[in-house]
Structure formats: structure tokens, C-alpha cells
Amino acid sequence: EKGGYEHFMFKEIMEQPEAVRKTLSPRIKDGRIILDDIELEPDYIKGLSRIYIVGCGSAYHVGVVAKYNMEKLVRIPVEAVLASEFRYASPLVDASTLVICISQSGTTADTIAAMREAKKLGARVLSIVNVVGSVIASESDYCLYTWAGPEIAVATTKAYSTQLAVTYLIALVLAESRGTITSAAYASLVDGLQALPSALEEALKLKEHIQYLASIYFNKENIFFIGRNIDYALTLEASLKLKEISYIHSDAYAAGELKHGTISLIEEGTLVIAMASYIKLVDKTVSNIVEVKSRGAEILTLTTESGLNHVTHTSDNIITIPDIHEVLLPSLAVVPMQLFAYYVALMRGCSIDKPRNLAKSVTVE
Ligand code: BG6
């Protein structure tokens, strides 16, 4: 059942190209995104004033990536909110608000509560769910399934990737309807989406290199992740994945924020993992790398082929992912970070598929 692998988590990491292909390909027809499982009327889309994206854990982290991408493409305010916070924060929700609920299981109590609250306040709810027929899938106004197949490991990997893929589709459909994307930009993003499954296969080939990096760093007790924009969103997920399964304490920081306090925790030998895939901000992130390096940090940088020559002089080790459309970078950047968490946990002898104190689906508030 583990497909010959030692752990479900590793099997599920390896299944990502196929899972993303299954999620995307039925919804791309002749260069267009067709979401025929939902009916969002053009007038409704034009009348939207804001979008909330709610979820817990990694599903929330998908929302943080989507916030950056959707605001860029759709030009309306998008906020990612933890489901457990949403309900009690007097959210600004009315009929012109779209609430997107993300959940692998479709049964997470906090997300169910947020969904019901959003509906009560008059918003329509669009859910992104993996488990067919689950509570969130059936109670939401619209549901886009992530066709990831069953996910067994507690730490999510392929559900995260397919959720992210669905957010790109939604962003494209909204941007097209609202006229905020040119046809050339639309076409280039669709091309990128079509190339995504094979780019994921490329990214998975990094596994031996990541295993080597894990063997250097698995004894660290404190790790910082830094990044800007979509790379910052990625640090949240990379840090959570590592913490959840390896029990190493880590922190995710917006790269420019570190010097406003937490840089005091950087000392000789502290590992800083810099996510620098977004080429427009790579040099800004490099300045933050220099700040921590001069205080003794060891630097592992993740970048793209195009970013490589920007980071070589400031990094002790580098992970290079293939170039792809900038909106889609998080899909590739997360893969080496999942593998890193996996190998580090493996080398520390942790219970990878069932980390202590965690449940796959949390049905209490
Ligand atoms: C947590 C899981 O309890 O719930 C996370 O450990 C998951 O992996 C989160 O991301 C949300 O779960 P779901 O099913 O709503 O996506």
C-alpha cells in the first residue's frame, strides 16, 4: 500500500506530478480554463469587493500564497485568514465577498465553522476539498475538488500541491472575467500550468541532493526560514513541515523583518534557509542573507536557474529549482522543502507518517 516506499509521506511526495496533472488537465481545454463544476456568473465576479481565503495549517499556507498571486492578477483585496480566527474577528463579509475555504479532509471543525459563518453573513463559499462528499464539499456553494487521491501521512504534501494548483485556476478565471489580465499574460500562465506536472517531476530529481543536505544539517536545533512575497508564503509551509515531523524548532520570517528583532537569535552556526525563487526580489533577499551571514549564520539558499548567479557568493549550499512562470514558483519551491523535512526527520529517527500529538483531521474547535 505504500507503493514500495518506507513511508506514506514519501510516496505522496512522489505522487505530486500525477496528482497535479489530474487536478489541472480536466480543467484546461484548448488553452482556456474551464471550471464547469462551478457556475460563477460574470456579473457576480464583476461585483466582488473582496476575497477571504480560510483554512488551517498547510491549507492556510496555500491561502497565503494565493493572496499574493490573486491580488497581483485579480486586483481586489484578498486576505488569508486562519479558520479558527475568522469567526471571532468580525470579518467584513457580505454578498459581495467570496469566501474560499480550503481543506484536504473537508471535516476540519474550525474550517466548517468559518464556512457556516461566511454563509450566514451572506457570502458565497467556494471550497477546495480533497475528500469527495465531505461536509465542506457538500455545504459550500461551489466545490472544486483536488484530485489528489487519499492522503494518509499526517503532514500534507500532495493535497497542498493540488490546492495550490486550484488557486491558480480560480485566479485566472477571476482575472479574465474582471478584465485584469491581458490575453498574452493569460496564455503564458496557461502554458505554465501545462508545463507544471513535468516541472514537478524535474524538481523531484533533487531528492539525492536534498538527502545530502539533510545529512549535513539534521542535528541543528534551531532553523530560520526567510523569504519575501510568495517566497515568504513558502517559508511558512517549509517551516511547518520541518517542525511537524522532525521536532526541530524553526521560525518563518519575512526576510526584511528579521532585522527588526529576531536577528538577535542568529549566532555562529545557526542555519538560515533562504527561499529566493522570486527573481524580482532575489537581490533584496540577498541583502538579508548578508545581514545574517555576517552574524555567523550558515546559509542554505533555494533559488531558480535564473536566480543562481545572484546567490552563489552568499550561500554555503544551494538548491536550484527549474525556471517556470513566476506565479507558479511556489509549486516547485515547496518540493525540496518537503523532501528536506522528510530526510531530516528520517535521520532523526522520527515517526514520519504519524508525528506525536498530531491528527490528520481535527474535528474539534
Ligand atoms: C492539521 C493537519 O491538523 O489540519 C495539517 O495536521 C492540515 O496537516 C490541517 O493542513 C488542515 O486540515 P484539512 O483537512 O482541513 O486540510
Side-chain angles (χ1 to χ4, degrees), residues 7-13 15-16 19-20 23 52-66 80-87 99-118 125-140 143-167 233-247 250 252 330-331 334-335 337-342 345 350-365:
H7 298 99
F8 281 110
M9 184 181 177
F10 194 77
K11 171 177 178 266
E12 290 161 4
I13 289 174
E15 283 171 349
Q16 291 181 109
V20 168
T23 301
Y52 279 107
I53 308 178
V54 298
C56 304
S58 299
Y60 163 72
H61 294 160
V62 171
V64 182
V65 175
V81 188
L82 290 163
S84 55
E85 287 292 311
F86 181 78
R87 195 149 57 127
V99 176
I100 301 178
C101 288
I102 307 183
S103 174
Q104 186 284 129
S105 62
T107 54
T108 299
D110 287 317
T111 314
I112 293 176
M115 169 187 68
R116 290 180 179 158
E117 180 69 12
V125 175
L126 161 57
S127 64
I128 303 176
V129 175
N130 195 42
V131 177
V132 175
S134 56
V135 179
I136 296 176
S138 10
E139 278 188 34
S140 50
C143 175
L144 288 168
Y145 283 113
T146 48
W147 299 113
E151 192 180 62
I152 309 295
V154 167
T156 177
T157 53
K158 62 177 180 172
Y160 175 94
S161 288
T162 52
Q163 288 161 356
L164 210 48
V166 172
T167 67
L234 243 300
T235 65
L236 299 173
E237 177 60 8
S239 172
L240 176 65
K241 209 92 297 179
L242 182 73
K243 281 187 271 219
E244 272 184 316
I245 63 168
S246 76
Y247 315 141
S250 71
S331 289
V334 76
V335 170
M337 293 295 105
Q338 297 166 339
L339 288 164
F340 184 74
Y342 174 79
C350 299
S351 161
I352 290 180
D353 286 336
K354 282 193 191 336
R356 69 181 177 220
N357 308 338
L358 288 178
K360 181 70 180 157
S361 163
V362 181
T363 51
V364 291
E365 227 189 300

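Because the structure is a prediction, the values reported are computed rather than measured. Note that ligands are numbered from 1 as they come in the structure, with each ligand's atoms numbered from 1 the same way.
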Enquirer: Filter on salt bridge (charged side-chain N to carboxylate O under 4.0 Å, His left out), then keep only pairs touching residues 143-156, sequence neighbours left out; what's left?
Expert: Glu151-Lys360
Enquirer: For atom 10 (O) of ligand 1, which protein heavy atom lies nearest, and how many Å away is it?
Expert: Ser58 N, 3.1 Å
Enquirer: Which residue and non-hydrogen atom of the protein lie closest to atom 12 (O) of ligand 1, and at what distance in Å?
Expert: Thr108 OG1, 3.5 Å
Enquirer: Any donor-acceptor pair under 3.5 Å linking the side chain of Ser105 with the backbone of Thr107?
Expert: yes
Enquirer: Do any nitrogen or oxygen atoms of Val154 lie less than 3.5 angstrom from nitrogen or oxygen atoms of ligand 1?
Expert: yes
Enquirer: Is the backbone of Ala159 close enough, under 3.5 Å, to the side chain of Asn130 for a donor and an acceptor to pair up by distance?
Expert: no
Enquirer: Taking side chain to side chain contact (heavy atoms under 4.5 Å, CB included) as the test, write out the residues that go with Ala113, two or more places apart.
Expert: Arg87
Enquirer: When you measure from atom 14 (O) of ligand 1 to every protein heavy atom, which one gives the shortest distance, and what is it?
Expert: Ser105 OG, 2.6 Å
Enquirer: Tell me, which protein residue and heavy-atom name are nearest atom 11 (C) of ligand 1, and how many Å apart are they?
Expert: Cys56 O, 3.3 Å
Enquirer: Please list the nearest protein heavy atom to atom 4 (O) of ligand 1 with its residue and the distance rounded to 0.1 Å.
Expert: Lys360 O, 4.4 Å
Enquirer: Give the atom numbers and elements of ligand 1 that come within less than 4.0 Å of a heavy atom of Gln104.
Expert: 13 (P), 14 (O), 15 (O), 16 (O)
Enquirer: Please confirm whether the backbone N or O of Ile13 pairs with a side-chain atom of Gln16, one donor and one acceptor, at under 3.5 Å?
Expert: yes
Enquirer: With rounding to the nearest 0.5 angstrom, report the CD1 to OG1 distance, Ile128 to Thr23.
Expert: 10.5 Å
Enquirer: So which heavy atom in the protein is nearest atom 5 (C) of ligand 1, and how far is it from that ligand atom?
Expert: Glu244 OE2, 4.2 Å
Enquirer: To check you understand the geometry: which heavy-atom pair defines the closest contact between Gln163 and Ser103, and what is its length?
Expert: NE2-C, 3.9 Å
Enquirer: How far is atom 3 (O) of ligand 1 from its nearest protein heavy atom, and which residue and atom name does that atom have?
Expert: Val362 CG2, 3.3 Å
Enquirer: For atom 1 (C) of ligand 1, grab the closest protein heavy atom and report residue, atom and distance to one decimal in Å.
Expert: Ala359 O, 4.3 Å
